[in-house]
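Accompanying notes for the structure given below.
Because the structure is a prediction, the values reported are computed rather than measured. Every chain is numbered from 1 and lettered A, B, ... according to where its sequence line falls, protein lines coming before strand lines.
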Amino acid sequence: MKKYLAEHVGAALERLGYHSRVELQFETPKQEAHGDLTTNVAMLLAKPIGKNPRAIAQEIVGALQLDPKDVSGTEIAGPGFINFRFTPGFFTRQLADILRHGAAFGRTNVGQGRKAMVEFVSANPTGPLSVGHGRQAAIGDMLASLLEWTGYAVTREYYYNNAGRQMRVLAQSTLARYRQLFDPNVPFPDDGYQGEYIRLIAEEIKVERGDALLSMPEEESLKICQAVAEGSLFDAIKAVLARMGVRHDEFYNEDSLYSSGKIDEVVQEFRSKGLAYDQEGAVWLKATALGLEQDRVIIKSTGEPTYRLPDIAYHCEKFRRGFELIVDVFGADHVATIPDVLAGVKALGYDPERVRVVIHQFVTLLRDGEQVKMSKRLANFVTLDDLIDDVGADAVRYFFLMRANGTHLEFDLNLAKEQSEKNPVYYVQYAHARIASILRFASGEGGVRLPEDPSAIDFGLVAGPAEVVLTKLLLEFPRIVAGAAAALEPHRLPAYLTDVAMAFHRFYHDHRVVVPEAQVAQARLALCACTRTVLANGLGILGVSAPERM
RNA sequence: GACCCCGUAGCUCAGUUGGAUAGAGCAACGGCCUUCUAAGCCGUAGGUCGCGCGUUCGAAUCGCGCCGGGGUCGCCA
């Protein structure tokens, strides 16, 4: 539609000699009365040319050569907008494309097969995934899908660390719980993980090994505790991600950066560039030389690196592995680390512009009208598993994806539980199920069948107001997907799907599909099939099921 | 104190690169099922877009300054 007008209006501007003065833009007006597309080009020209914008608009309209089969009206409105209205046929003709592309309708190819990576979740195996991780899982997985739909070859990656302090604490906590099974008076470490899950893991160990760990050297028993706890927690993490329909392609272990010498290489490179120095027994990154406010420690005086060093090395690896687009999905608590990593990456010769960081704000849970305080150390947090148990995976995903990444998400557990039938996700799913039901009825009792060749359908017969509104929306799908992908904003799609469902419900209310006139029935049925395709494809990108019946 | 996110209807939130009369869901009120799914549809009501100044043909959107909520500033990740 825009392309069509861009050519014609562009030609008109050329005839008038205005073409190189301004950029030609079209927008979809918010109001129906203002047509299908509008351009402000006359207003933009007003200043450089020094004429009244309405007069310029008049000239442009006069110079246009449009086919009345496609464009039914051109008008000048307000301060100088030029509004265009297309014929119903212009839209309905394009419905055949939706039928032809089917499950692929909405795919575009801006990515052209380039490699992209989305890193998300990346929680270390020290406990069950939280609700916040759930938001990240939904966002990351959907961003990956969006990039796939726009032509990228996408890798979903999970980066984790099973070494270091956190894992030591995990091992100590597990061992303490294990010992408590034999002697309740054994003390629990002050900074240990309090969660009930540790106790369960300790019991597992007891079942498998009896009291064997009591008599072995502590170092050895800690090793066993860590291995068992890590394995158990990772299994649980993967299981809950699977419940949400999320599957990572790669699990990248931070350890491999050490064993392969990548960490040392990075340190050497920083030193050789004069960007690292020793002070008080630690190695510092001269971040101030990279435009940041203060220098940062990259290797502690204990000899252990801080998180920054492996993070920088890891990102360099992402570049070396050939990813041209690198998306990091982080929670708001990681904001502070980003500048350091990007600066480090840049200093080592990689283009930080290729890294796009998506920050999502926290999820707060409301229970009985009060905020649930959550801490991984304390036992009172609600896990992602709990949430899925409460409201179901579809609702969890949809809710997490409905909101812009940057907004704080308030999740009222009572409301989600009580009113789960009124969840917005049901509205969209219901439209899909309703269409499936109509299609079943049509092909059975109704005796209406769609022809093999979509061009045999007379789409001119679905030109009623509700039908045209629906048609226009459906045709926007590829643009919505591409826009959400380019902006890395998942929430645009749920908003769009709600609109589609609404337009469909109205159409359904206004028109009976299976009617005696065979041509009309066929055209309406085709419109239903197109709607179903868009809903199914859209829900697929969201990772939400598209039910045949409800 | 510095930096990041947010502030839009009673509540939860949309609002595309600045566009014309700011939208949806929930909650409230009133209608619509002998016909393909009423988990639906139609209507009513609800707003100084946190406040002020500026930029311009035009601001919820951009800039500056305040106010309010959340977050981050570690040799934790």
Side-chain angles (χ1 to χ4, degrees), chain A residues 23 25 27-31 33-34 38 40 43-44 46-47 52-53 77-81 83 122-124 126 161 164-166 169 191 254 279-284 293-294 296-308 310-311 331-339 359-362 364 399 402-412 415 419 421-424 426-427 429-431 433-442 444-446 448 479-480 483-484 486-487 489 491-492 494-495 498-499 501-502 504-506 508-515 521 524-525 528 549-550:
Chain A
E23 198 189 343
Q25 296 175 26
E27 292 174 26
T28 308
K30 283 179 189 168
Q31 299 201 27
H34 295 137
T38 185
N40 61 351
M43 281 132 87
L44 294 177
K47 204 167 215 176
N52 181 318
F81 291 104
N83 298 335
S122 297
N124 291 337
T126 59
N161 181 14
R165 202 188 79 90
Q166 283 186 58
V169 173
D191 58 353
E254 183 180 319
Q279 187 179 311
E280 297 165 15
V283 181
W284 294 68
E293 286 200 3
Q294 47 184 306
R296 301 288 186 175
V297 171
I298 51 176
I299 299 178
K300 300 182 234 176
S301 51
T302 60
E304 270 183 297
T306 64
Y307 64 88
R308 274 181 209 96
D311 275 5
D333 53 342
H334 278 63
V335 175
T337 76
I338 295 160
I359 300 292
H360 67 90
Q361 295 295 317
F362 287 162
T364 50
F399 265 92
M402 260 165 75
R403 310 262 157 84
N405 301 323
T407 62
H408 296 270
L409 185 71
E410 200 168 76
F411 210 118
D412 187 324
L415 200 75
Q419 306 199 329
E421 291 194 352
K422 290 178 181 172
N423 270 337
Y426 284 89
Y427 185 77
Q429 287 182 317
Y430 181 67
R434 201 175 214 186
I435 295 168
S437 167
I438 294 168
L439 295 178
R440 279 193 301 273
F441 177 84
E445 210 179 315
V448 185
R479 200 178 62 83
I480 299 291
E489 289 183 358
H491 75 279
R492 294 186 190 188
T498 305
D499 288 345
M502 192 180 300
F504 176 76
H505 287 311
R506 277 187 192 142
Y508 174 85
H509 185 260
D510 286 2
H511 302 286
R512 196 183 156 79
V513 176
V514 181
V515 290
R524 288 186 182 157
L525 195 61
C528 288
R549 298 167 201 274
M550 284 175 76

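Distance CZ (A:Arg165) to C1' (B:C75): 12 Å, rounded to an integer number of Å. Protein atom OH of A:Tyr508 is 14 Å distant from nucleotide atom P of B:C33, rounded to whole Å. Protein atom NE2 of A:His491 is 17 Å distant from nucleotide atom P of B:G25, rounded to whole Å. Atom-to-atom, CZ of A:Arg434 to P of B:U37 comes out at 8 Å; the value is rounded to the nearest Å. Between A:Phe441 atom CZ and B:U37 atom P there is a gap of 7 Å when expressed in whole angstrom units. Going from atom OH of A:Tyr426 over to atom P of B:U37 covers 20 Å, rounded to whole Å.
Using a 4.0 Å heavy-atom criterion, one finds that A:His360 contacts no nucleic acid atom at all. Using a 4.0 Å heavy-atom distance criterion, A:Ser301 is classed as a base contact. Note on A:Gln429: nothing from the nucleic acid sits closer than 4.0 angstrom, heavy atoms only. Residue-level contact check: A:Ala433 touches the bases, meaning some heavy atom is under 4.0 Å from a base atom. Among the protein residues, A:Ala487 comes within range of no part of the nucleic acid, since none of its heavy atoms lies under 4.0 Å from any strand. Residue-level contact check: A:Met402 touches neither bases nor backbone, having no heavy atom under 4.0 Å from any strand. Nucleic acid contact class of A:Asn83 (heavy atoms, under 4.0 Å, all strands): base. Across all strands, A:Arg512 comes closer than 4.0 Å to base atoms (heavy-atom distances).
Between A:Phe81 and the choices A:Glu27, A:Met43, A:His34, the side-chain contact (heavy atoms from CB on, under 4.5 Å) rule is met once, by A:Met43.
Between A:His408 and B:C13, a side-chain N or O to OP1/OP2 separation shorter than 4.0 Å is absent. OP1 or OP2 of B:C76 lies within a sub-4.0 Å distance of a side-chain N or O belonging to A:Lys300. Taking only side-chain nitrogens and oxygens, A:Thr337 never comes nearer than 4.0 Å to OP1 or OP2 of B:C76.
As rounded to the nearest Å, B:A9 and B:G46 have C1' atoms that lie 6 Å from one another. Rounded to whole Å, the separation between the C1' atoms of B:C57 and B:A24 comes to 31 Å. A gap of 42 Å separates the C1' atoms of B:U55 and B:G74, to the nearest Å. With both ends at atom P, the span from B:A20 to B:A59 equals 10 Å, rounded to whole Å. With both ends at atom P, the span from B:G10 to B:U48 equals 8 Å, rounded to whole Å. Atom P of B:G15 sits at a distance of 16 Å from the matching atom of B:C5, rounded to the whole Å. B:A14 and B:G25 have their P atoms separated by 16 Å, with the value rounded to a whole Å. Comparing B:C26 with B:A39, their C1' atoms are spaced 15 Å from each other, to the whole Å.
Proximity note for A:Gln361 (side chain, C-beta onward) versus B:G70, B:A38, B:C36: the nearest is B:G70. Side-chain proximity of A:Thr306 to the nucleotides B:C73, B:A39, B:A77 is greatest for B:A77.
Residue-to-nucleotide proximity on RNA chain B shows that, of A:Ala282 and A:Ile480, the 5′-proximal contact is made by A:Ile480. In terms of position along RNA chain B, the nucleotide closest to A:Tyr427 lies nearer the 5' end than the nucleotide closest to the other residue of the pair A:Tyr427 and A:His334.
Stems are defined here as 3 or more consecutive Watson-Crick or G-U wobble pairs with pairing distances under 3.5 Å; those involving RNA chain B are B:1-7 with B:67-73, B:10-13 with B:23-26, B:28-32 with B:40-44, B:50-54 with B:62-66.
A cation-pi geometry, defined here as NZ or CZ lying under 6.0 Å from the six-membered ring centre and within 45° of its normal, does not hold between A:Arg434 and A:Phe504.
The side-chain ring of A:Phe362 is not stacked on the base of B:G71, judged by centre separation under 5.5 angstrom and plane angle under 30 degrees. Lacking a ring centre under 5.5 Å from that of the base six-membered ring together with a plane angle below 30°, A:Tyr307 does not count as stacked on B:A77.
In textbook terms, a nucleotide whose glycosidic angle is within 90° of 0 is syn, while B:C5, being further out, is anti.
Once rounded to the nearest 0.5 Å, the distance linking NE2 of A:His334 with NE2 of A:His360 reads 9.5 Å. One finds the CG atom of A:Asn161 at 10.5 Å from the OG1 atom of A:Thr126 (value rounded to the nearest 0.5 Å).
Donor-acceptor pairing under 3.5 Å, judged by distance alone, is present between the side chain of A:Asn40 and the base of B:G19. Under 3.5 Å, the side chain of A:Gln166 and the base of B:C76 form no donor-acceptor pair of N or O atoms.
Below 30°, between 30° and 60°, or above 60°: for A:Phe411 and A:Phe399 the angle between ring planes is between 30° and 60°, a tilted geometry.
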